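Encoded as structure tokens, the structure appears first; notes follow it.
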Amino acid sequence: MLNSTLIGALPCTLAAPPPPPKMEINSMPEALQLHAQTLKSGKTQQKSLTNIFTFSALSSNGDLTYARLILHSIPSPNSFHYNTMIRAYSRSPDPIKALHFFLYMARNSPTRPDKFTYPFVLKSCARLGLSHQGKQLHGACAETGALSVGMRVHEVVKEQRIGLKAHVSTALIDMYVKCGCIESARRVFDEISVNKDVYSWTAMIAGLASHGKCEDAIDLFNQMQELSIKPDERTMTSVLSAYRNAGLVSEGYRFLKTMHKKYGVWPTIQHYGCVVDLLARAGHLSDAEELIKKMPIKPDGVLWRTLIWGCKVNKDMNRAERLIDHLKSLKMDSNDDCGNLVLIGNVYASAGKWLDKARTRELMNKRGLVKPPGASKIEIDGAVHEFIVGDSDHPEAEKIYAKLDEIEEKLREEKYQPKLHEVLLEVDDEEKAFQLSHHSEKLALAFGLIKTNPGTEIRIVKNLRSCEDCHAFMKVISKKYHRDIIMRDRIRFHHFSNGECSCKDYW
DNA sequence: CGTGAGCACT
């Protein structure tokens, strides 16, 4: 509540100036009409065009056709226009276009990339796992736009990374983390000694946690405390995610309980989500369910799915089915629909309830929902190759399948048993083995083995979580072929080396 | 005139 006496006592000269008039646009058709009018009026009004353009770029929901069209009608686009476009692409379903546009800006326009541009394009690299391009951008950051305030160019050239602005460094750390290059991320972090703020710390802690380097993450959090840098909500999430990935149940639970008292941050749904996952995965299903019911925040779809997935992992089908019935009875955001039904179908299938699974499938068809197919990407010499499950479209498909045959032969020598239970289809074992062998990450791996020199690290980015068979497969290959494999799945990283995985099979 | 920036839960 505002103190009205105090407000009344303020001299009127201190009143805030009225906000500058802004063109009010409420819908895309309105924006397009205004655009047409502005053009017809003859005088090209840069300011009006800018407003219309900004609106269409920000409200595009991924379709940036109009924004581009409008941008073309702006007589002399400035860096703000380019940056707005790049930002919109970097958040769109097709972030590669942010890089295309960046290249266009850098090569064909008099406008230079600046301190705003780099975080957007780095974000695109992070989302796509483009380490090659990300590294090149790292070098390019030495251009003026990314410099620290007060730094002179020759100082920056001498100590490039130290001259980076904190937010650019954070974007770099995040890019390296999400591209699987945790050591590079750490180097950037260690070298920004003067500019580290809570965001850089959090990005690094979250990165270490996602790579399964949980002790390092906690160490860093402690160092941060010693320097009296105040952690925020996201820092708390990163620390909890370190406990989660390490399976440190009591530590994580205690942290959640004491975080407000110790750090002044009230737990949010993300924090509860982390701990529910931690408890559920470790088999403490009752405690996890209890926590959801007792927490002061309304649980969302993510939280219920986390718990149900925990039931599936721990094979508690009674609880799973009870929770599924509960989930079905809830009014959910339609965004949750697809995720809910995919999970429910998986749970039924893994319990051998084929009829229920078929019904779930029908329901999805009726609602026009499509389960996203598994896809894996691998970067070779800066070019990205993407494989979809069962893919045979790649120009070198024949070689890839021949390589997979060779690998399977080797695995037979090792007495490797395919994890057939991971195939959630009502088919015979031969068909199951066939299905497993065409998972997208295996295709990407075979391609990587063909295309890179012996001993080279192989990095794979997957859109979903890997199945148990692919996980075991990667472990064996890392040993048999003497390759380190770094695989990003939907939520974390696995480093396979000499037959072991950094997650210690806890995921 | 200045607009636009980095890190978190399945």
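Hydrogens, waters and symmetry mates play no part in the numbers below; they use all other heavy atoms, side chains included. All values derive from a computational prediction rather than experimental measurement. Letters A, B, ... are given to chains in the order of the sequence lines, protein chains preceding strands, and every chain is numbered from 1.
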Problem set entry | Minimum-distance nucleotide to Ile491(A) side chain [options: dT10(B), dC1(B), dC7(B)] | dT10(B)
Exercise. Given atom NZ of Lys165(A) and atom P of dC7(B), what is their separation to the nearest angstrom?
Worked result: 17 Å
For this session: Answer with base, sugar-phosphate or nothing: what part of the nucleic acid does Lys312(A) contact at a heavy-atom distance below 4.0 Å?
Result: nothing
Exercise. Contact class for Asp174(A) (heavy atom, under 4.0 Å): base, sugar-phosphate, or nothing?
Worked result: sugar-phosphate
Seminar exercise, completed: Contacts of Asp216(A) meeting salt bridge (charged side-chain N to carboxylate O under 4.0 Å, His left out) (sequence neighbours excluded), chain-then-number -> none
Exercise. Reckon Asp300(A) touches a base, only the sugar-phosphate, or nothing at all at heavy-atom distances under 4.0 Å?
Worked result: nothing
For this session: Verify the ring-centre separation between Phe221(A) and Tyr263(A): is it less than 6.0 angstrom?
Result: yes
Seminar exercise, completed: Of dG6(B), dC9(B), dA8(B), the nucleotide closest to the side chain of Lys178(A) is dA8(B)
Seminar exercise, completed: CD1 (Ile344(A)) and CZ (Arg361(A)) are apart, to the nearest 0.5 Å, by 14.0 Å
For this session: Nearest whole angstrom, please: distance from the C1' of dT3(B) to the CG of Leu71(A).
Result: 15 Å
Problem set entry | Of the listed nucleotides dT3(B), dC7(B), dC9(B), the one nearest the side chain of Thr50(A) | dT3(B)
Exercise. On a plain distance test, is the side chain of Asn83(A) in donor-acceptor contact with the base of dT3(B) below 3.5 Å?
Worked result: no
Exercise. Which part of the nucleic acid, if any, lies within reach of Thr306(A) when heavy atoms closer than 4.0 Å are counted: base, sugar-phosphate only, or nothing?
Worked result: sugar-phosphate
Exercise. With respect to the phosphate group of dC7(B), does any side-chain polar atom (N or O) of Lys123(A) fall under 4.0 Å of OP1 or OP2?
Worked result: yes
Seminar exercise, completed: Ranking dC1(B), dG4(B), dA8(B) by distance to the side chain of Phe80(A), first place goes to dG4(B)
For this session: Output the residues of residues 85-103 of chain A in contact with DNA chain B, where contact means a heavy atom of the residue under 4.0 Å from an atom of the strand; sort by number or write none.
Result: Arg87(A), Arg91(A)
For this session: Quick one: label Phe120(A) by what it contacts on the DNA or RNA (base, sugar-phosphate, nothing), any heavy atom closer than 4.0 Å.
Result: sugar-phosphate
Exercise. Does anything in residues 300-342 of chain A pair up under ring-ring contact (aromatic ring centres under 6.0 Å, His included), and if so which pairs, sequence neighbours excluded?
Worked result: Trp304(A)-His326(A)
For this session: Could you tell me the separation between the CD1 atom of Ile297(A) and the C1' atom of dA8(B), rounded to a whole number of Å?
Result: 14 Å
Problem set entry | Separation of atom CG in Leu279(A) from atom C1' in dT10(B), rounded to whole Å | 15 Å
Exercise. Rounded to whole angstroms, how far apart are NZ on Lys115(A) and C1' on dT3(B)?
Worked result: 12 Å
Exercise. Rounded to whole angstrom units, what separation is found between the CZ atom of Arg305(A) and the C1' atom of dT10(B)?
Worked result: 6 Å
Exercise. Does the aromatic ring of Tyr199(A) sit over the six-membered base ring of dG6(B), closer than 5.5 Å centre to centre and tilted less than 30°?
Worked result: no
Exercise. Are the charged groups of Lys294(A) and Glu290(A) less than 4.0 angstrom apart, N to O?
Worked result: yes
Exercise. What is the nucleic acid contact for Arg244(A), judged by heavy atoms within less than 4.0 Å: base, sugar-phosphate only, or nothing?
Worked result: sugar-phosphate
Exercise. With no angle test and no hydrogens, is the base of dG4(B) tied to the side chain of Ser79(A) by a donor-acceptor pair under 3.5 Å?
Worked result: yes
Exercise. Does His100(A) have any ring-ring contact (aromatic ring centres under 6.0 Å, His included) partners at least two apart in sequence or in another chain, and if so, which?
Worked result: none
Exercise. Can you tell me how far P of dT10(B) sits from CG of Asn463(A), to the nearest Å?
Worked result: 16 Å
Exercise. Looking at residues at least two apart in the chain, or sitting in another chain, which of them share a side-chain hydrogen bond (donor to acceptor under 3.5 Å, both in side chains) with Thr50(A)?
Worked result: His81(A)
Problem set entry | Whole angstrom value for the distance that separates P of dG4(B) from CG of Asp114(A) | 13 Å
Problem set entry | Test ring-ring contact (aromatic ring centres under 6.0 Å, His included) applied to His471(A) - qualifying residues, sequence neighbours left out | His494(A), Phe496(A), Trp507(A)
